[in-house]
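For reference, the structure discussed in these notes is given below.
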Amino acid sequence: MKKFDKQFASEILQYALWFGIVTGLVEGVFLYAMQRYELLRGQITYLGSGPQVLWVAPVFDALFFLLAGVGVAVVAQFLPQKLAKQAVFFVFCFLAFFAWLLIYLSGRLNPAATAILGAGIGYQISTVIFARENRFASFAQRTFKIFAGVTLALFVLIQGGFWIQERVATSNLPQANESTPNVLVIVMDTVRADHLSLQGYERETDPTLKRIASEGVMFENAYAASSWTLTSHASLFTGRWPYEHKADGGRYLDETYPTIAEALTQRGYRAGAFNGNFETVTSHWGFGRGFLHFEDYYQTLPQLAVSSVYGRFIEYYVLHKVFNMEFSIDRRWGPSVNRSALDWIEQDDSKPFFAFVNYYDAHAPYISPERAKFSNLPNPGGLVNTDWTTADIYNPKTPEQVQGEIDAYDGGIDYTDQQIDALLKELESRGKLDNTIVVITSDHGELFGEHGLWEHHNSLYKPVIHVPLIVWYPKSVPQNMRIDTPVSNTFIPAMLLDMLGEPEQTTFPGPPLSQLWVDPASAAGFPDPIAEMAESSWVNPNHLSIRGDMVSVISPKWQFIAHEFNGVELYSLADDPNQENNLAGENPAALDELKNYYLDLLSKLGMTWPYDNK
């Protein structure tokens, strides 16, 4: 064996860094630009959602190419130097072009075919470089510091820009009224109400929620405005029904209606959002409006690691496909969300805060640290797995496997409950909780085979839109009060402004939920909640949402559902809790009443169906 050539190995590593940074800079620009035009597909669909990718991609690619360079340097010691140099240039050129090709071809062409194409292009380019090795070596040496400097500059400009922007915006906030309370809105993503002991569930998945409800107001029949995150959060933020804001079926939340964050910053609040659900509740989808500090992606080291093409490629094709890893490593758990929220809250005591917190711990795949708490199985859950694909969620399951999914889901709710407890106790220890309005709800529920459906964004049956809703603020909210009037959590923004002393506000239509505990007699005239779901072409083909729009109206006695494919359904909420007996044909009067209620709402905007303007 010949002596190890340190100088040649050093040259290889220098080339590795140069190729890695250049690959990453080009990749970052491509990802960011193509994300703007929704051209990304497959496993990289969500990459490039923020400008951070412009510096994250070159940093990760530099590390990845450096690691590859170490391997190449070792192998090169066993080859003739001429062949070794040809191999070095080929490997790095192949890696560069394979990454760039994947940006467009992911989800459009088999990765193996993309690799062959990348190898062909890489070979051609590497032969040109090898023939001009001295000139290329000089060029790489001259430009390395330039490209590294560009990467550093992007990091400073982007991250520093966010920091400066937040501080300037904070300093320009108007003076809030004296003794103005803080506001904390918590969304337990994917939590259906009937899996809480508060709603009579046999398992105590929610000890913290039970305690908070005993000290505040609980709405027993609260409904989300849709059965999936984007549309439901759009209604939570704007106080508007889906047919108004139209953020559904792949449409962004636009600037037609103000958000609660905008309303509160105009009143002197620092507004910050901390999201476990970084795929949908993002600034990219329009939810950052009004927030001075908004966290969706690029918040943890695993998220940074899989923000490049190779990071995501390795995660999916190596960690998942080869080593059977259950979930994406960029998943953000409750403790991380809590740390960020608490750190941000602590930064400034001179202004009231509005903190929005989304916990993703109960969402599929159901693999929280408490997944086995309620199960006899050692490792329940993980079969309904939307981290990698939605294609497999309807695979046949044994009764034991179905129960395992439910057990693990319940464990996820319990784990979320623990995170809420930790957050509130920490706020209490810092002396901030007593002057904080706390609202806890969910954006939608979940189905476990009911009506032949799994997961959510599939229908508007009760389990997928019936959600918890608790309001806590001992200074003005009654203790241990339960309200059984059907309500929508869409009315939360109007309630918050009412609780802040603005009952006549017109920013959010309402009515405010607080009206129901101040004047219980108002329940008789309270509007029935509605839920909507637009046709969505990308969902699992077994979901009803792939076959047309759907709308639902919930009255104290009935739930009415209309679907472009399934027709109309009417269920008695009291007599048919599992919604197995469609009474639409037997109760035309009730059917017409609820249908006309919905059509009357539409007519106020000159509409006849919610998505006329698709």
Side-chain angles (χ1 to χ4, degrees), residues 179-188 191-201 204-224 236 239 260 264 338 341 345 352-359 413-414 416-443 466-503 510-520 522-523 526 529:
S179 73
T180 296
N182 305 308
V183 176
L184 172 63
V185 174
I186 297 173
V187 170
M188 306 170 71
V191 172
R192 55 189 274 181
D194 64 353
H195 275 241
L196 303 175
S197 63
L198 275 170
Q199 298 279 355
Y201 194 48
E204 190 176 50
T205 58
D206 54 340
T208 301
L209 296 192
K210 285 181 67 176
R211 174 176 57 81
I212 297 169
S214 71
E215 299 171 359
V217 171
M218 172 189 165
F219 293 87
E220 296 179 330
N221 294 299
Y223 292 87
L236 282 171
I260 184 60
L264 292 180
N338 280 353
I345 288 170
F353 67 79
F354 165 49
F356 170 80
V357 174
N358 171 288
Y359 293 114
I413 296 176
D414 180 85
T416 305
D417 186 85
Q418 294 176 33
Q419 306 318 306
I420 295 173
D421 183 53
L423 177 62
L424 298 184
K425 284 182 176 176
E426 190 60 36
L427 287 175
E428 184 176 30
S429 71
R430 300 182 186 191
K432 299 183 185 298
L433 185 60
D434 287 344
N435 194 40
T436 300
I437 297 170
V438 179
V439 181
I440 302 173
T441 189
S442 179
D443 56 344
H466 184 206
V467 295
L469 178 54
I470 301 169
V471 183
W472 182 95
Y473 186 52
K475 292 182 180 181
S476 65
V477 174
Q479 292 194 18
N480 200 27
M481 183 177 186
R482 290 193 171 217
I483 296 174
D484 63 2
T485 306
V487 299
S488 172
N489 58 14
T490 299
F491 299 146
I492 287 175
M495 177 195 72
L496 290 174
L497 292 193
D498 182 53
M499 293 178 70
L500 295 177
E502 298 186 38
L513 296 167
S514 43
Q515 179 179 311
L516 290 169
W517 70 70
V518 172
D519 178 18
S522 65
F526 214 77

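The figures that follow rest on heavy atoms only: side chains count, while hydrogens, waters and symmetry mates do not.
No donor-acceptor distance shorter than 3.5 angstrom exists from the side chain of T436 to the backbone of V438, with no hydrogens or angles considered. Side-chain atoms of T441 do not come within 3.5 Å of backbone N or O of N489 as any donor-acceptor pair. At distances below 3.5 Å, at least one donor-acceptor pair connects side-chain atoms of S442 with backbone N or O atoms of V191. Between the side chain of N221 and the backbone N or O of D484, at least one donor-acceptor pair lies under 3.5 Å.
Across all non-hydrogen atoms, the minimal contact from M499 to V477 is CE-CG2, 3.5 Å. Listed here is the closest heavy atom pair of A523 and T485: CB-OG1, 3.3 Å. Of all non-hydrogen atoms in S476 and W517, the two that sit nearest each other are O-NE1, 3.9 Å. Nearest heavy-atom pair across A224 and V467 is N-CG2, 3.8 Å. Here the shortest heavy-atom pairing between P486 and P529 reads O-CD, 3.6 Å. Of all heavy-atom pairs between I345 and A355, the closest is CD1-CB, 4.4 Å.
Contacts of Y359 classified as side-chain hydrogen bond (donor to acceptor under 3.5 Å, both in side chains), with partners at least two apart in sequence or in another chain: N338. For D194, the salt bridge (Lys or Arg N to Asp or Glu O under 4.0 Å) criterion is met by R192, not counting sequence neighbours. Partners of K475 according to the salt bridge (Lys or Arg N to Asp or Glu O under 4.0 Å) rule, which considers only residues two or more places apart in sequence or in another chain, do not exist here.
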Can you check side chain to side chain contact (heavy atoms under 4.5 Å, CB included) on L264 and L497, steps first, answer last?
CA-CA 8 Å; L264 292 180; L497 292 193; 4.1 Å; yes
Show your reasoning for whether side chain to side chain contact (heavy atoms under 4.5 Å, CB included) applies to V487 and L516.
CA-CA 10 Å; V487 299; L516 290 169; 3.5 Å; yes
Using the rule given for side chain to side chain contact (heavy atoms under 4.5 Å, CB included), can you reason through L513 versus I492, listing the C-alpha separation, both sets of side-chain angles and the distance that settles it, and then say yes or no?
CA-CA 7 Å; L513 296 167; I492 287 175; 4.1 Å; yes
Passes side chain to side chain contact (heavy atoms under 4.5 Å, CB included), N480 versus V217? Steps please.
CA-CA 6 Å; N480 200 27; V217 171; over 6 Å; no
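You'll find the side chain of F356 reaches within 4.5 Å of the side chain of V187, heavy atoms only. The shortest distance between side-chain heavy atoms of P352 and V183 does not fall below 4.5 Å. By the 4.5 Å heavy-atom criterion applied to side chains, K210 and S197 are counted as neighbours. Contact of the P181 side chain with the L500 side chain is registered, since non-hydrogen atoms from C-beta on lie closer than 4.5 Å. Within the 4.5 Å cutoff, the side chain of L424 has heavy atoms near those of the L184 side chain.
Between atom NZ of residue K425 and atom OG1 of residue T208 there is a gap of 7.0 Å, rounded to the nearest 0.5 Å. To the nearest 0.5 Å, the span separating CD on E220 from CZ on R482 amounts to 5.0 Å. Here the straight-line distance linking atom CG of L209 with atom CG of L198 works out to 6.0 Å at 0.5 Å rounding. With rounding to the nearest 0.5 angstrom, the CG atom of L196 is 4.5 Å from the CG atom of D206. Here the CH2 atom belonging to W472 is positioned 11.0 Å from the CD1 atom belonging to I186, to the nearest 0.5 angstrom. The CD1 atom of I440 sits 7.5 Å away from the CE atom of M188 when rounded to the nearest 0.5 Å.
No hydrogens or angles considered: nothing links the side chains of H466 and Y223 as a donor-acceptor pair under 3.5 Å. Defined by atom type and a distance below 3.5 Å, a donor-acceptor pair is present between the side-chain atoms of S514 and D498.
Less than 6.0 angstrom separates the ring centroid of F526 from the ring centroid of F491.
Around CG of D434, the count of heavy atoms belonging to other residues, nucleotides or ligands within 6.0 Å does not exceed 12.
Between K432 and E426, none of the side-chain N atoms (NZ, or NE/NH1/NH2) sits under 4.0 Å from a carboxylate O, so this pair counts as no salt bridge.
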